[in-house]
Amino acid sequence: MRAGPLAARLMIRTAWRALLVGLGIVGTLAMAAGAAPPPVKPDRLAVVFPPWWSRAHVTAAAASAGDIVGAGSAPFILILRGDGAGLDARSRRAGALLLLDPAAAGVCAPPVQEPRS
């Protein structure tokens, strides 16, 4: 069954809107990454993974980069602790879109109660 000219125009318009929304999200993440202060402690990071990932995928990716010590207000934001020399590189390899200092992440990173050693 062929779509009429009106249906074709609606599909094209919808595709353009989806593309513009996607570009807006990518642009916002890029600006946030450029404006984000470097972590104060390189062994602790607030890590932002793609929002479309499942909670299980985010947890597995984060666990492959470091120890999960907390969670942000969204299911795709986790607080990691690990070897400061490579935590950022491992987080990016695991799929992190953005790395932030947990204290500067605001509502993304509520206070974390770490276990006492």
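Note that the coordinates shown come from a computational prediction; the quantities given were computed from them, not determined experimentally.
- The ring pair (Phe, Tyr, Trp, His ring centres under 6.0 Å) pairs that include a residue from residues 72-92 number zero, where partners must be two or more places apart or lie in different chains.
- For the side-chain contact (heavy atoms from CB on, under 4.5 Å) test with Ser91, the passing option among Leu98, Leu97, Val48, Leu45 is Leu45; the others fail.
- Rounding to the nearest 0.5 angstrom, the gap separating the CG atom in Asp67 from the CG atom in Leu78 is 12.0 Å.
- Residues that satisfy the side chain to side chain contact (heavy atoms under 4.5 Å, CB included) test with Leu19, not counting sequence neighbours, are Trp16, Leu23.
- The two atoms that bring Gly82 and Leu87 nearest to each other are N-CD2, 3.8 Å, heavy atoms only.
- The hydrophobic cluster containing Leu20 does not contain Met11, counting ILVMFWY residues as joined when their side-chain heavy atoms lie under 4.5 angstrom apart, directly or transitively.
- In this structure, Ile79 and Pro102 approach most closely via the heavy-atom pair CG2-CG, 4.1 Å.
- Contact between Gly95 and Pro50 at its shortest, heavy atoms only, is O-CD, 3.4 Å.
- In this structure, Thr14 has no side chain to side chain contact (heavy atoms under 4.5 Å, CB included) partners at least two apart in sequence or on a different chain.
- In this structure Arg13 satisfies the side chain to side chain contact (heavy atoms under 4.5 Å, CB included) test together with Leu10, Arg17, sequence neighbours excluded.
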Please tabulate, one pair per line, all N/O donor-acceptor pairs under 3.5 Å involving side-chain atoms of residues 54-61, not counting sequence neighbours.
residue: Ser54; atom: OG; partner: His57; partner atom: N; Å: 3.1
residue: Thr59; atom: OG1; partner: Arg55; partner atom: O; Å: 2.8

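- Nearest approach of Val47 to Ala96, heavy atoms of both residues: CG1-CB, 3.3 Å.
- For Arg93, the side chain to side chain contact (heavy atoms under 4.5 Å, CB included) criterion is met by Ala89, Arg90, not counting sequence neighbours.
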